[in-house]
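Encoded as structure tokens, the structure appears first; notes follow it.
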Amino acid sequence: MNRLNREQLAARVARDIPEGAYVNLGIGLPTMVANFLPVDREIFLQSENGLLGMGPAPEPGQEDPELINAGKQPVTLLAGGAFFHHADSFAMMRGGHIDICVLGAFQVSTRGDLANWHTGEPGAIPAVGGAMDLAIGAKQTFVMMELLTKQGASKLVERCTYPLTGLACVSRVYTDLAVFDLGPDGATVVEMVDGLTIEKLRELTGLPLALAAPRG
Amino acid sequence: MNRLNREQLAARVARDIPEGAYVNLGIGLPTMVANFLPVDREIFLQSENGLLGMGPAPEPGQEDPELINAGKQPVTLLAGGAFFHHADSFAMMRGGHIDICVLGAFQVSTRGDLANWHTGEPGAIPAVGGAMDLAIGAKQTFVMMELLTKQGASKLVERCTYPLTGLACVSRVYTDLAVFDLGPDGATVVEMVDGLTIEKLRELTGLPLALAAPRG
Amino acid sequence: MIDKGFASIDQAVADIFDGASVMVGGFGTAGMPDELIDALIARNVGELTIISNNAGNGETGLAALIKAGRVRKVICSFPRQADSHHFDARYRAGEIELELVPQGNLAARIQAAGAGLGAIFTPTGFGTLLAEGKETRRIDGKDYVLEYPIHADFALIKAQRADRWGNLVYRKTARNFGPIMAMAAKTAIAQVAEIVPLGSLDPEAIVTPGIFVQRVVQVAPGAAH
Amino acid sequence: MIDKGFASIDQAVADIFDGASVMVGGFGTAGMPDELIDALIARNVGELTIISNNAGNGETGLAALIKAGRVRKVICSFPRQADSHHFDARYRAGEIELELVPQGNLAARIQAAGAGLGAIFTPTGFGTLLAEGKETRRIDGKDYVLEYPIHADFALIKAQRADRWGNLVYRKTARNFGPIMAMAAKTAIAQVAEIVPLGSLDPEAIVTPGIFVQRVVQVAPGAAH
């Protein structure tokens, strides 16, 4: 069974982002997707701290502490990029102007509920940032994550046990083992890594997964 | 009895506008106030169609059809002026950032209700523009008007009979005969033209007007 | 390569359909996208809902669209003007529905649509005819009216310069409703005086980022199309 | 002549009082008004309510204010960070109250305050812990939470250039919350790298018109005060 590594997973997500898409990449693993976007496609990266047309990391020594992304890493601005304030930035998100948002997750339910902001552990200091706005705002919210926890539990679940970020907001989940489409009728397996079967995947997740018809 | 003419009335209002005030002058008579603002005071004129720091009318031949005031007359922009969009412009108003708004009126009630947008005549096509936003948004709303209609009826009334623009929003009324402060307790006469008495003013308006204590 | 520039103004409005809701920028004639409206008139679609501050002046622009009988409903703040005779006639004949909205509420409702809000409590209009039948609420001792966002299928706006990504800057008070209408419409179409190379607009001074603009078309001042 | 420029940063914050609500701009360290915060710390007022995206990093800025025990409550979206140990300690000790707000709701509520709205229905947070106990409503098939505006007595923000009327332009992503906090506070105080003569800022490119700014103070990068 060929588990995708982080780079392969980022590359897999990048493949599904079409030219001209307005995209917000969440903090952490999703940020890596930027490195795999095909150079022949113009794709607009938005960062919710107020920039659109985000470019790659600057050359060493060229960092500008006032030009950062939502993960507070130094970035650059492409020609054609723009700056704006936080209310306009989240209007882009909440108003449905972003085509695709890619987020990490602790858990995703088969109908698309997302849990990615808080483990709910006693004593943990909660912090939400833009997670809830990102989850429900974009036209499509993709999640990328490893399918199983280190303990082997499925993070794709019937019902999230962690505190929710948003309800029925995730349309697609990219994992190291398979890609799933989510919706009111549950999860459908769109693709699997070589050597994996739908039966094995059902066993790993404990879910009654449907299998998408093969594409023409 | 020395009725103030339109220029005198505008000058009287202008006298009460302090340096540094952010002011919106309504369409019509209030626009004239700009001509009488003391040149030694910096006063910021806002026009709700998107400019702050409005200057006087341009020299003939210098008109720019894209630089107009809310009355759609050509204006100029002072050094230090700024342009902005309509939502930001009305945020200035509704958010209480404008210090003084000066409006005309059909009627004003003694507790400060304003009627200035619609005569309510059958068949009249209604048009409100920014009147309702202006009426209730500024820190202080001044009205300037002739006290009496051509038929001799008082436009300062116990209760407006025309459709309202806003409730309890006018704090002060400047008329050709007297200046009134309005509030929950009714109208107080702040000043009268030479030759007018409070008794005569009560008779003209039919209102139980209070008289302000003379200023120290 | 993404290029939102359209070669012809007719193509830019080619998919505006019968019954569409169309925002039209401008305050009086400043910022009025006359050429886009002319192209829309030429398309011969009807039953339009127009969202704009005014309802047309004289014989051109919105007034011409109304004269041509293409408009079913107008949502605006100030329809009645000295030279709004085409609107007046259609309205008096019962051929046009009017939703009158205070200008600041119009702006706030358009902005709310662009920002994805479900409704807003605004103080403007409370206690007046224009709030009749609407939900109200007292919040912190002040009275508010509940108003809903205004979305549209299309926005026709006028800006000064654009690039191929749809970034826009405006000119003076022609800016007015342009930026918020671009945000509130599914398809925002901007006519501009000039399309400039990518990177020539100052990223600090772009008023409407391209994400809010789907099409731009260059219109030489006064040019026929 | 109106000159909103203050000669010293200490004077600019001299009337911030015990128990005041203070908005603090910045996202991480970008746009954080460090020198204004230092001046506030020097004033020795307490029981402050701080509205900011974060709750301080490391040892400077907001973190130092919290360390000094001046903060009673924090309204923010993201208090917990690798180096937010001063907030963490005070919070765990029960010495600081936290109101956690999704970042976009924080921005929208601040903007609503500046714009004079009474409340807004926002979709963000619906069905989550952060909407518990809040009024909700289904509008056009979508669920929303009712959220109230966030006003403040003061806003401390950082901009790049100002003129004596308080017009501001920002620099890159340091803009973030500055423009909307200036609108939402009774007294907005901007530290800027440069105060330029009136008329030198492009009126098309002014981001925050002076009406929203009460005080500006020039702070040389890295200067002591």
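Numbered from 1 within each chain, the chains take letters A, B, ... in sequence-line order.
Proximity to chain B is limited to the side chain of C/Y91, based on heavy atoms less than 4.5 angstrom apart. Only the side chain of C/L98 comes within contact range of chain B, judged by heavy atoms closer than 4.5 Å. Only the side chain of B/F90 has a heavy atom closer than 4.5 Å to any heavy atom of chain C. Within the 4.5 angstrom heavy-atom criterion, atoms from both the backbone and the side chain of B/P126 approach chain C. With a 4.5 angstrom heavy-atom cutoff, B/N69 touches chain C only via backbone atoms. Interface remark: C/Y170 contributes no atoms to any contact with chain B (heavy atom separation under 4.5 Å). If you measure heavy-atom distances from C/V101 to chain B, the contacts under 4.5 Å come from the backbone alone.
Panel note: side chain B/R94, backbone C/G104; a donor-acceptor pair is recorded below 3.5 Å.
Residue B/L164 comes nearest to C/G127 through the heavy atom pair CD1-O, 4.0 Å, listed as atom of the first residue, atom of the second, then distance.
Contact count against chain B (heavy-atom pairs under 4.5 Å) is highest for C/P102 among C/A107, C/P102, C/A30. Between chain B and the residues C/N53, C/T29, C/L130, C/D88, the largest count of heavy-atom pairs under 4.5 Å involves C/L130. Looking only at heavy-atom pairs under 4.5 Å with chain B, the residue among C/S84, C/G178, C/A131, C/P123 that has the most is C/P123. If you tally non-hydrogen atom pairs under 4.5 Å between each of C/I110, C/D143, C/N105 and chain B, the highest count goes to C/N105.
In this structure the side chain of C/F27 reaches within 4.5 angstrom of the side chain of B/K72, judged on heavy atoms. Contact annotation: the side chain of C/T124 never approaches that of B/M93 to less than 4.5 Å [non-hydrogen atoms, C-beta and beyond]. Annotation: side chain of C/L129 is in contact with side chain of B/W117 (closest heavy-atom distance under 4.5 Å). Side chains of B/I125 and C/R92 form a contact here, defined as non-hydrogen atoms less than 4.5 Å apart.
For the pairing with C/K172, the side chain to side chain contact (heavy atoms under 4.5 Å, CB included) check across B/L67, B/L77, B/I68 returns one residue only, B/L67.
Between C/F177 and B/H86, the ring-plane angle classifies as parallel under the 30° and 60° cut-offs.
In this structure, C/Q103 CD and B/S89 OG are separated by 8.0 Å, a value rounded to the nearest 0.5 Å.
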